[in-house]
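Comments concern the structure below.
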Amino acid sequence: MKRKKLLEMGTMEATDEAMQSAAMDVPRNHKFYLEKDVYEHGTHVCVRVEGDLMAVSLFYTENMRLGARKPAFTIFIDRAKEEFLTYDFQHEKWREAALDRIDQPASAFYSGIHIPGPDRGEIRGFLNVEDGELGDVRNYQHQIRRNQLLERHRRETDPWDRIMEDVPPCPKDWEHWIAKSAITSHFIFYRYRKHVKEGYCSWCEKQVPITAPRHNKEGRCPRCRHKILYKAIGRAGNLWTEKENAYLLQPLGDGMVIREFRVCAHYEKGDYKKQEYEVSEIRRVILDEKLQAQVFYYGLYKQQYHRWIQYTGKWSYQQFSPYYFYFDGRVYRRTLPSLNRKVLKTTGLYEILKEIETIDPEIYLAYRKQYPYIEQIAKAGLGKLAHELIRTGAVLEMRDERELGKALGIDGQRLNRLRENKGGRRYLEWLRFEKMQEKNIPDQLLQWFIEREISPLEVAFITEKMHIQQIQNYLIRQNRVTGKDYKYLLTTWRDYLSMAELLGFDTGDAIVFRTRKLLQRHQEMVKLTEKKNLENQVKDLEAKFPDVKSVYQEIRSKYEYLEDDEYAVLVPSGIWEIVDEGRSQHHCVASEERYYDRISRQESYIFFLRKKKDMAKHYYTLEVEPGGTVRQKRTEYDRQKKDMKDIEKFLKQWQDVIHKRLSEKDCTLAVNSKEKRNQDLAEMRKNRVVIRGGDYAGKMLADVLQKDLLETQNPQTGNAA
């Protein structure tokens with residue numbers, strides 16, 4: 001649209017009649033929005049048509065009452081080109097916004113619109129509408145925008161649609177195959193009554209004889225032999241089967257298309273013979289003769305409408321990755337022979353589908369592209385092994401050998417065993433183990449370990465000492481005695497022998513490695529190991545802080561307190577007791593060296609708070625300054641219990657007692673300790689040190705320590721120590 005020509009057409013003035021009407025239109029409060037001024041007609045419309053062009057000018061009453069004759073906006077519509085523009089006279093700007101997106105006064109928004117009869121007729125004739133309202137202009141603009149959007153979409157979607165047009169229709173027996181093969185959940189419906197002898201099989205679609213059915217009991221149809229689930233009429237309600245995947249592979253040009261469907265069946269309450277099937281195609285993978293893939297999915301396009309959309313992301317699960325999605329499903333078989341003569345000939349997909357019922361063909365082909373050996377495995381009749389590999393995304397270690405048996409790390413005879421026993425990865429691992437050991441293991445014994453998901457690696461710790469048959473017998477006995485599962489027993493056995501070896505036991509002695517009471521011996525080794533670790537830790541700490549023992553010998557008489565009837569404060573004799581305390585209470589006193597450094601410098605001491613009725617039991621751990629101020633008082637996992645008020649009452653009593661015992665040196669140490677404590681708290685606040693775990697997670701460490709303080713009065717100065 002030529003804008004100069006449009007302005008000449010659209011610059012019109014309000015008529016005298018419209019100006020007079022606006023002058024007489026007195027504003028009044030809106031019925032619901034009282035603060036808004038409204039008019040009988042807040043907008044006056046004037047229309048001019050010239051061929052395929054229409055100009056719609058908007059005059060606002062509040063402007064006209066001030067003498068304005070020019071329009072506020074003029075909307076231009078080109079019917080031939082399906083375009084529109086708006087000119088803003090106030091700002092002298094062109095706008096591309098639709099009518100409902102241009103700024104208009106509030107009074108116009110809440111008021112009526114006046115369109116003279118002739119102008120209304122111009123709108124009706126130009127837009128071919130019935131009413132000739134301003135809303136018709138807006139709707140026409142929206143339709144233009146929708147058409148423009150669709151045109152932009154088509155530039156992207158037309159190439160997709162041309163590909164989709166070549167996809168052949170589904171086979172004639174497709175729906176029958178869905179009902180009988182793709183959907184694997186089938187039922188026998190029967191009326192709940194005594195001695196019922198007949199039910200309706202959803203697969204046979206016939207009445208069949210039944211014996212002793214029970215609601216939700218699994219069984220087989222006596223006529224078709226399919227697996228079924230018994231459903232009592234009256235209890236089943238509206239029944240939906242689980243959604244399953246189904247695949248249809250069809251030729252497409254020189255390549256093929258993999259079509260993925262989601263299918264299920266619905267049985268209406270009261271009429272279970274009338275089955276309805278839901279079949280939704282959700283994905284199409286177009287493959288050329290070299291198996292290069294284009295992926296399409298059915299979804300919401302641009303938040304507008306549902307259609308086939310090409311997946312253009314950086315990664316799709318048709319490209320094999322250890323982090324892919326795998327959707328097993330039944331595959332329609334009748335199209336496979338012809339495909340196998342061309343595009344599937346070098347894949348092994350046709351062969352693997354002879355051995356397994358469900359697969360994700362797309363993932364199989366993606367795996368084949370990255371790991372070509374899967375074709376050889378599938379064609380060798382090792383369907384279960386191939387299936388396990390693609391389902392888990394596992395990579396098989398293959399040797400550079402021409403013969404498959406040798407490439408798999410076994411030999412021809414063991415390859416036959418793998419094939420005959422329909423072995424998977426676990427079976428192959430055991431065959432490799434057998435070959436390495438050069439000892440034949442009966443298939444029955446291999447199956448026993450495989451059924452319990454035990455790999456050769458898990459028994460490797462004991463195979464030098466015991467034959468595989470002896471290992472099985474030992475595990476069976478231990479399972480019978482303890483009731484623990486075999487995987488747990490293996491882990492316990494391995495840990496037990498590992499600890500025994502570290503502690504210097506002769507693990508080559510059958511009395512040790514084949515102990516009769518495995519769980520008991522394991523617990524004994526745990527305790528011995530903990531003691532050994534404790535000894536090593538204490539030894540290291542004593543070497544770093546040799547003064548700790550002498551410090552405690554010096555201060556014991558001043559701080560130990562046993563005179564109370566309920567509580568006592570104990571002074572440890574050295575590092576061993578402190579580490580044992582920390583481990584038992586599961587807090588940092590056991591491992592943090594800063595506490596032992598403070599004890600050496602006599603900045604603070606670690607004491608133990610006990611209950612008099614059970615002095616041997618760990619209760620609270622105290623960090624105390626030389627003047628008696630308690631920095632910390634913590635029980636298990638750095639917590640405090642509900643009796644903290646009683647504890648603090650006792651500690652104040654204890655502080656009063658020890659004041660009389662302190663020397664001038666202790667008071668000097670107390671002053672220095674307080675000064676160092678305040679410096680540490682200030683540094684923590686400056687660095688915003690936050691507690692990361694436990695009951696105080698997320699809180700400032702300095703705030704928690706400050707709150708935990710139980711200060712005392714210095715006996716010589718009278719000030720807080």
Side-chain angles (χ1 to χ4, degrees), residues 541 544-545 547-548 551-552 554-556 558-561 569-572 575 578 581-582 585 587-609 620-635 638-640 644 647-659 661-721:
L541 289 171
K544 289 183 180 180
F545 306 102
D547 298 332
V548 170
V551 168
Y552 277 122
E554 179 186 343
I555 67 172
R556 179 181 303 279
K558 299 177 185 179
Y559 296 99
E560 196 158 75
Y561 181 59
V569 174
L570 302 182
V571 177
I575 292 177
I578 299 173
E581 173 88 0
Q585 297 286 73
H587 53 49
C588 57
V589 166
S591 57
E592 291 290 346
E593 294 186 359
R594 66 176 182 270
Y595 293 109
Y596 304 101
D597 180 56
R598 290 173 185 172
I599 296 168
S600 295
R601 294 185 287 105
Q602 292 190 263
E603 178 189 333
S604 66
Y605 312 117
I606 298 297
F607 297 149
F608 308 146
L609 177 67
Y620 271 85
T621 308
L622 309 175
E623 184 186 7
V624 181
E625 295 178 0
T629 291
V630 180
R631 286 190 182 183
Q632 297 187 74
K633 40 193 182 301
R634 298 287 163 179
T635 186
D638 278 327
R639 293 171 177 161
Q640 291 182 342
M644 182 45 60
I647 297 296
E648 289 184 347
K649 182 178 178 182
F650 163 74
L651 289 174
K652 288 178 181 178
Q653 173 187 327
W654 168 74
Q655 286 173 335
D656 291 340
V657 172
I658 66 170
H659 282 172
R661 305 175 181 175
L662 299 180
S663 65
E664 185 176 345
K665 175 187 174 183
D666 296 321
C667 295
T668 302
L669 290 171
V671 172
N672 294 335
S673 177
K674 180 179 180 180
E675 182 179 346
K676 186 65 172 65
R677 176 230 306 165
N678 291 334
Q679 289 175 359
D680 291 343
L681 292 175
E683 186 71 18
M684 291 177 196
R685 289 194 171 94
K686 179 182 177 181
N687 296 328
R688 302 190 61 79
V689 179
V690 176
I691 299 173
R692 298 299 180 188
D695 294 347
Y696 299 96
K699 294 185 178 181
M700 299 292 291
L701 177 59
D703 294 340
V704 174
L705 293 176
Q706 184 74 50
K707 187 177 180 181
D708 206 21
L709 275 176
L710 184 63
E711 295 195 273
T712 183
Q713 295 294 318
N714 188 299
Q716 297 195 11
T717 65
N719 299 323

Under 4.5 Å between any side-chain heavy atoms of [X] and [Y], yes or no?
X    : Y    : result
D680 : R594 : no
D666 : K558 : yes
L651 : L622 : yes

Roughly how far, to the nearest 0.5 Å, is the [atom2] atom of [Y] from the [atom1] atom of [X]?
X    : Y    : atom1 : atom2 : answer
R556 : L570 : CZ    : CG    : 8.5 Å
Y620 : I647 : OH    : CD1   : 5.5 Å
L705 : K699 : CG    : NZ    : 12.5 Å
F545 : R601 : CZ    : CZ    : 9.5 Å
L669 : Q602 : CG    : CD    : 5.5 Å

As a quick check of understanding, evaluate side-chain contact (heavy atoms from CB on, under 4.5 Å) for L662 and Y559, giving each step before the final call. CA-CA 9 Å; L662 299 180; Y559 296 99; 3.6 Å; yes
Would you sort out whether M644 and E648 count as a side-chain contact (heavy atoms from CB on, under 4.5 Å), showing the intermediate values? CA-CA 6 Å; M644 182 45 60; E648 289 184 347; 3.8 Å; yes
Can you sort out the partners of F650 under ring pair (Phe, Tyr, Trp, His ring centres under 6.0 Å), two or more places apart, ordered by chain and number? Y561, Y567
Going through the distances and angles, do V569 and V624 end up as a side-chain contact (heavy atoms from CB on, under 4.5 Å)? CA-CA 11 Å; V569 174; V624 181; over 6 Å; no
Which pair of heavy atoms, one from [X] and one from [Y], lies closest together, and at what distance?
X    : Y    : answer
I658 : G628 : CD1-CA, 3.8 Å
R661 : V657 : NH2-CG1, 3.6 Å
I599 : Y605 : CG1-CA, 4.1 Å
C588 : Y595 : SG-OH, 3.6 Å

Between Y552 and F607, does the side-chain contact (heavy atoms from CB on, under 4.5 Å) criterion hold? Intermediate values first, please. CA-CA 10 Å; Y552 277 122; F607 297 149; 4.0 Å; yes
Among R677, K674, K676, side chain to side chain donor-acceptor pair (under 3.5 Å) partner for E625: R677
Taking side chain to side chain contact (heavy atoms under 4.5 Å, CB included) as the definition, give me every residue that meets it alongside [X], ordered by chain and number, with sequence neighbours left out.
X    : value
K652 : Q655, L710
T621 : E581, Q585, H587, V589, I606
K707 : none
R685 : L681, A702, D703, Q706

Name the one of K633, R598, R634 that satisfies salt bridge (charged side-chain N to carboxylate O under 4.0 Å, His left out) with E623? R598
Excluding sequence neighbours, so at least two apart, what forms side-chain hydrogen bond (donor to acceptor under 3.5 Å, both in side chains) with Q640? D708
Is the closest side-chain donor-acceptor distance between S673 and R631 under 3.5 Å? yes
